[in-house]
There are 2 protein chains.
Amino acid sequence: MLNTQTILQQLSDQGFKKTKVRELLIGELLKLKKPLDAQALQDFLSDQKLAVNKTTVYRELQFLLERGIIVEINFGDNKRRYEIAGLAHHHHLICNNCQGVEDVFVDQDLVKLEKKIAKEKNFAIHSHSLEFFGLCRHCL
Amino acid sequence: MLNTQTILQQLSDQGFKKTKVRELLIGELLKLKKPLDAQALQDFLSDQKLAVNKTTVYRELQFLLERGIIVEINFGDNKRRYEIAGLAHHHHLICNNCQGVEDVFVDQDLVKLEKKIAKEKNFAIHSHSLEFFGLCRHCL
DNA sequence: AATAATACGCAACTCAATTGCGTTTGTCAA
DNA sequence: TTGACAAACGCAATTGAGTTGCGTATTATT
């Protein structure tokens, strides 16, 4: 289930602690439902009067990533971003001007394409990255 | 035209010098036709008995990029790679095991998809990134 | 309250990439 | 051929994202 307390409880059942950092990070990622980088998340914690070391942020992200609670998204600017997992599979429209992010759902087209490629090239596709860059309606 | 001397001449006509570094880098990128990172290119120059500082490699790549002679490709590992520009538009199959790269041509499917999205979302798409990750036929 | 595992802070470090600045080299024109 | 000047280069220092080691603190359990 996609809510902070449920996720925290699942982690707790596995022997991990319920910490304020964990709770706030999961909450923010659940709320914004968009890819955020380590810096943005550290800033968010600061705003919540919970200033933590960047190492803590990186470690927490690594922790959540390894447990499949978040996924890594790459915009091609050499900066890792993280998004809550479990959202419907989608891709992003990234505005080159305002850096805004919109989701886009590419129905079965991609799945069909992947299968075609896998067969043709004899390559087992495990994942793909697909992001679109341009100008959003406001920046046009 | 896609050959080293033509490109060098075009640059020369614009007032830039014909240097050995420039010539070798363009030649290698033209020959291999696959994305290479700065380290790989510096190593290549070394092999050609032309040991240069990494700054020179980075500056040359920046230079070629700004003039549209090469394009930047991102595999999501926070490392910039460069490929000669002017190749037919294609994407990459990246093997998670041997790091090998295969090209894949995704006919008009993507173009159609882009137009559909652009219209629906009122978003001007300038470019996209699409790479596939998995296991190649040898590593399967 | 004691214990143990998890979580955290801090400093140092890695790795890709960039910057400042002084020097060298390619090019062109006298 | 030789100046002269911009382009190109080397080197050291720096930036920025991310990681590591290690000692300390916190959470949960008994």
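- With 3.5 Å as the limit, one finds no donor-acceptor pair spanning the side chains of Thr56(A) and Asn53(A).
- Of the candidate nucleotides dA7(D), dA16(C), dA28(D), dA16(C) has the atom nearest to the side chain of Lys79(B).
- With respect to the salt-bridge test (charged N to carboxylate O, under 4.0 angstrom), the residues Arg81(A) and Glu131(A) do not qualify.
- Judged by distance alone with a 3.5 Å cut-off, a donor-acceptor contact links the side chain of Lys17(B) to the base of dT25(C).
- Residue Lys54(A) is in base contact, counting any heavy-atom pair closer than 4.0 Å across all strands shown.
- Here the P atom of nucleotide dT26(D) and the CD atom of Glu23(A) are 18 Å apart, to the nearest Å.
- Ion pairing between Arg22(B) and Glu60(B) holds under the 4.0 Å rule for side-chain N and carboxylate O.
- As a whole-Å value, the separation of Asn53(A) CG from dT26(D) P is 15 Å.
- With rounding to whole Å, Phe16(B) atom CZ is found 11 Å from dA8(D) atom C1'.
- Between the CZ atom of Arg80(B) and the C1' atom of dT18(C) there is a distance of 10 Å, given to the nearest Å.
- Nearest to the side-chain atoms of Arg22(B) among the listed nucleotides dG18(D), dT20(D), dA8(D) stands dA8(D).
- Counting to the nearest Å, the P atom of dA17(D) and the CG atom of Asp43(A) are 11 Å from each other.
- Glu66(B) has its CD atom 13 Å from the P atom of dA7(D), to the nearest Å.
- Taking atom CG of Asp77(A) as the reference point, atom P of dA17(C) lies 13 Å away to the nearest angstrom.
- Between Thr56(A) and dG9(C) there is a side-chain N or O to OP1 or OP2 distance below 4.0 Å.
- Transitive grouping of hydrophobic side chains (ILVMFWY, heavy atoms separated by less than 4.5 Å) keeps Ile94(A) and Val104(A) in distinct clusters.
- Within the structure, every side-chain polar atom (N or O) of Thr19(B) is placed at least 4.0 Å from both OP1 and OP2 of dA7(D).
- Nearest-nucleotide assignment on DNA chain C puts the 5′-proximal partner with Thr55(A), out of Thr55(A) and Asp37(B).
- Looking only at atom types and distance, the side chain of Glu83(B) has a donor-acceptor partner in the side chain of His92(B) under 3.5 Å away.
- Atom pair Lys20(B):NZ and dT24(C):C1' shows a separation of 18 Å (rounding to whole Å applied).
- In this structure, Arg80(B) forms no cation-pi arrangement with Tyr82(B), as its terminal cationic atom is not both closer than 6.0 Å to the ring centre and no more than 45° off the ring axis.
- At a non-hydrogen distance threshold of 4.0 Å, Arg59(A), Glu60(A), Phe63(A) from residues 58-65 of chain A come into contact with DNA chain C.
- With hydrogens and angles disregarded, no donor-acceptor distance shorter than 3.5 Å links the side chain of His138(B) to the backbone of Cys136(B).
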